[in-house]
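The structure appears right after this line, and notes come after that.
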Amino acid sequence: QVQLVESGGGLVQAGGSLRLSCAASGRTSSIYVMAWFRQAPGKEREFVAAVRWSDSITYSTDSVKGRFTISRDNAKNTVYLQMNSLKPEDTAVYYCAADDAVMTINRWTRSQLYDYWGQGTQVTVSS
């Protein structure tokens, strides 16, 4: 089992920045990929970015490229999401997810494939 705890959400003005953290505990040695998803009110959960634990290969959705950066610190068992140039449409609950199954990159975007989830952290961007 892997436990995930997110932190770092909050209220920020458009154009501002936030850094989210996701601390993993438990069987962290088994983690293959960790990801961030988000869910806005009335919308489906959507993929934001993911990182492969072994070599830091990353992948992010087009809407955040150039603004958000995912990274990981293996020593701290923590994944970060640096969010710059935030827009009101980035407002959502952000969830950290992890899985220990080997997946090709094109499957990293599928929330149903992740077994472990954090409780979520709210990000609100005001205009």
If you group Ile, Leu, Val, Met, Phe, Trp and Tyr by side-chain heavy-atom gaps below 4.5 Å, do Ile57 and Met34 land in one group? no
Where is the tightest heavy-atom contact between Ala92 and Ala40, given as atom of each residue plus distance? CB-N, 3.8 Å
Check: Gln13 side chain, Ser126 main-chain N or O, donor-acceptor pair, under 3.5 Å: no
For the residue pair Ser60 and Ile70, establish whether any side-chain heavy-atom pair is separated by less than 4.5 Å. no
Write down the atom of Gln82, the atom of Ser17, and the distance for their closest heavy-atom approach. NE2-CB, 4.0 Å
Where the side chain of Tyr114 meets the backbone of Trp108, is there a donor-acceptor pair that is under 3.5 Å apart? yes
Close side-chain approach of Gln1 and Arg27, heavy atoms under 4.5 Å: no
With the 4.5 Å side-chain cut-off for hydrophobic clustering, are Leu113 and Ile105 part of the same group? yes
Can you tell me how far apart CG (Asn84) and OG1 (Thr69) are? Round to the nearest 0.5 Å. 6.5 Å
Considering non-hydrogen atoms only, spot the tightest contact between Val2 and Ala24 and give its length. CG1-CB, 4.4 Å
Does Asp90 pair with Arg67 as a salt bridge, N-O distance under 4.0 Å? yes
Can you tell me how far CZ of Arg72 sits from OG of Ser54, rounded to the nearest 0.5 angstrom? 7.5 Å
Would you mind reporting whether Leu20 and Met83 have side-chain heavy atoms less than 4.5 Å apart? yes
Flag side-chain contact, heavy atom, 4.5 Å: Trp117 against Cys96: no
From the options Gln39, Arg38, Gln122, select the one residue that forms a side-chain contact (heavy atoms from CB on, under 4.5 Å) with Tyr94. Arg38
Closer than 4.0 angstrom, basic N to acidic O: yes or no for Lys65 and Asp62? yes
Looking at Phe37, I'd like to know if the NZ or CZ of Arg45 sits under 6.0 Å from its six-membered ring centre while staying within 45 degrees of the ring's axis. no
Leu4 side chain near Tyr95 side chain, heavy-atom distance below 4.5 Å: no
Looking at OG of Ser63 and CZ of Phe47, how far apart are the two atoms once the value is rounded to the nearest 0.5 Å? 10.0 Å
OG/Ser85 to CZ/Phe68 distance, rounded to the nearest 0.5 angstrom? 9.0 Å
Is there a donor-acceptor contact under 3.5 Å from the side chain of Thr91 to the main chain of Pro88? yes
Between the CG atom in Asn77 and the OG atom in Ser29, the distance rounded to the nearest 0.5 Å is 9.0 Å
With a 4.5 Å limit on heavy-atom distance, are the side chains of Val79 and Trp53 in contact? yes
Can Leu81 be reached from Val125 by stepping across I, L, V, M, F, W or Y side chains whose heavy atoms are under 4.5 Å apart? yes
CD (Glu44) with more than 12 external heavy atoms under 6.0 Å: no
Does the side chain of Tyr59 reach to within under 4.5 Å of the side chain of Thr109, using non-hydrogen atoms? yes
Atom pair CG (Asp99) and OH (Tyr116), whose distance is rounded to the nearest 0.5 Å: 7.0 Å
